Amino acid sequence: MPSQIKVDEIKNVAGQYEIKTNTFKGQTTGGSIAVQGEGSATTNLQQGLCKMWINFDPDTIEDSFNVASHTDVATGQFRPIVTNAFSGTENRATVVAIQNNRSEPYVRHESTTDCRIYIYDEAGGAHYDEQYYMIGTGDLA
């Protein structure tokens, strides 16, 4: 049987309440960790995390998280590839925002690791390159 430490409070010698570790894993429910929300309700830590995001200027990736690469497919069409795959093609939520209000970007999930972003100017009737911001949530594989 592994050793157990049972305490009511952890406090370092300098008086701060801080724990430093490289990994947290819940003991039950598939390793999930329950976190107390703003009130008395709890939420699942893993479910509440953003799993990928990107800030893409048509010339370069400005910044990103869990993005392995990015392809400029054609005018107004982009393809970010995630480093750690999602558990399925459609069981994730993806939000894309652009700088102007000429159109609404469209997202099509291609596989568990990539999707296509389409930016189309409805008034002008053509695709165009525009800086975009994308956030992806859902279960990782």
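Keep in mind the model is a prediction, meaning the values are calculated, not measured. Side chains are part of it too, since the values below use all heavy atoms of this structure and drop only hydrogens, waters and symmetry mates.
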Report task. Check the pair S111 / D114 against side chain to side chain donor-acceptor pair (under 3.5 Å), numbers first and verdict last. Result -> CA-CA 5 Å; S111 73; D114 74 299; 2.6 Å; yes
Report summary line: Output for pair (I119 CD1, T75 OG1), nearest 0.5 Å, gives 11.0 Å
Report task. May I have all residue pairs that pass salt bridge (charged side-chain N to carboxylate O under 4.0 Å, His left out) and include part of residues 60-77, sequence neighbours excluded? Result -> none
Report task. Consider only side-chain heavy atoms of I, L, V, M, F, W and Y, link residues closer than 4.5 Å, and tell whether L49 and W53 are in one cluster. Result -> no
Query - Donor-acceptor contact present, side-chain S64 to main-chain I54, <3.5 Å - result: no
Report summary line: For T89 and H109 the tightest heavy-atom approach is O-CB, 3.3 Å
Query raised in the report: CZ of F86 to CG of N66: how many Å apart, nearest 0.5 Å?
Result: 7.0 Å
Output a table of donor-acceptor pairs, distance under 3.5 Å, between side-chain atoms of residues 131-141 and any protein atom two or more places apart or on a different chain; print 'none' if there are none.
unit_1	atom_1	unit_2	atom_2	d
Q131	NE2	N55	OD1	2.8
Q131	NE2	Y133	OH	3.3
Y132	OH	H70	NE2	2.7
Y133	OH	Q99	NE2	2.3
T137	OG1	A93	O	3.4
D139	OD1	Q47	NE2	2.6

Query raised in the report: Near E110 CD, under 6.0 Å, is it more than 12 heavy atoms from other residues, nucleotides or ligands?
Result: yes
Query raised in the report: Looking at OG1 of T71 and CD1 of I117, how far apart are the two atoms once the value is rounded to the nearest 0.5 Å?
Result: 12.0 Å
Query raised in the report: Among V96, V107, V82, which residue meets the side chain to side chain contact (heavy atoms under 4.5 Å, CB included) test with C115?
Result: V107
Query raised in the report: Between atom CE of M52 and atom OG1 of T83, what is the distance when rounded to the nearest 0.5 Å?
Result: 9.0 Å
Query raised in the report: Taking atom CG of D129 and atom CD of Q77, what is their separation to the nearest 0.5 Å?
Result: 9.5 Å
Query raised in the report: Which is it for Y128 and I98 under the side chain to side chain contact (heavy atoms under 4.5 Å, CB included) test, yes or no, and what are the steps along the way?
Result: CA-CA 11 Å; Y128 67 98; I98 57 175; 3.7 Å; yes
Query raised in the report: Closest approach of S87 and N91, non-hydrogen atoms and distance?
Result: OG-ND2, 2.9 Å
Query raised in the report: Applying the 4.5 Å side-chain criterion to the ILVMFWY set and letting contacts propagate, would Y118 and V95 be lumped into a single cluster?
Result: no
Query raised in the report: Checking Q46 side chain against I33 main chain: does a donor-acceptor pair fall under 3.5 Å?
Result: yes
Query - Side-chain donor/acceptor of Q36 to backbone N/O of G39, under 3.5 Å - result: yes
Requested in this report: If a pair satisfies salt bridge (charged side-chain N to carboxylate O under 4.0 Å, His left out) and one of its residues is in residues 30-51, list it, with sequence neighbours excluded.
Outcome: none
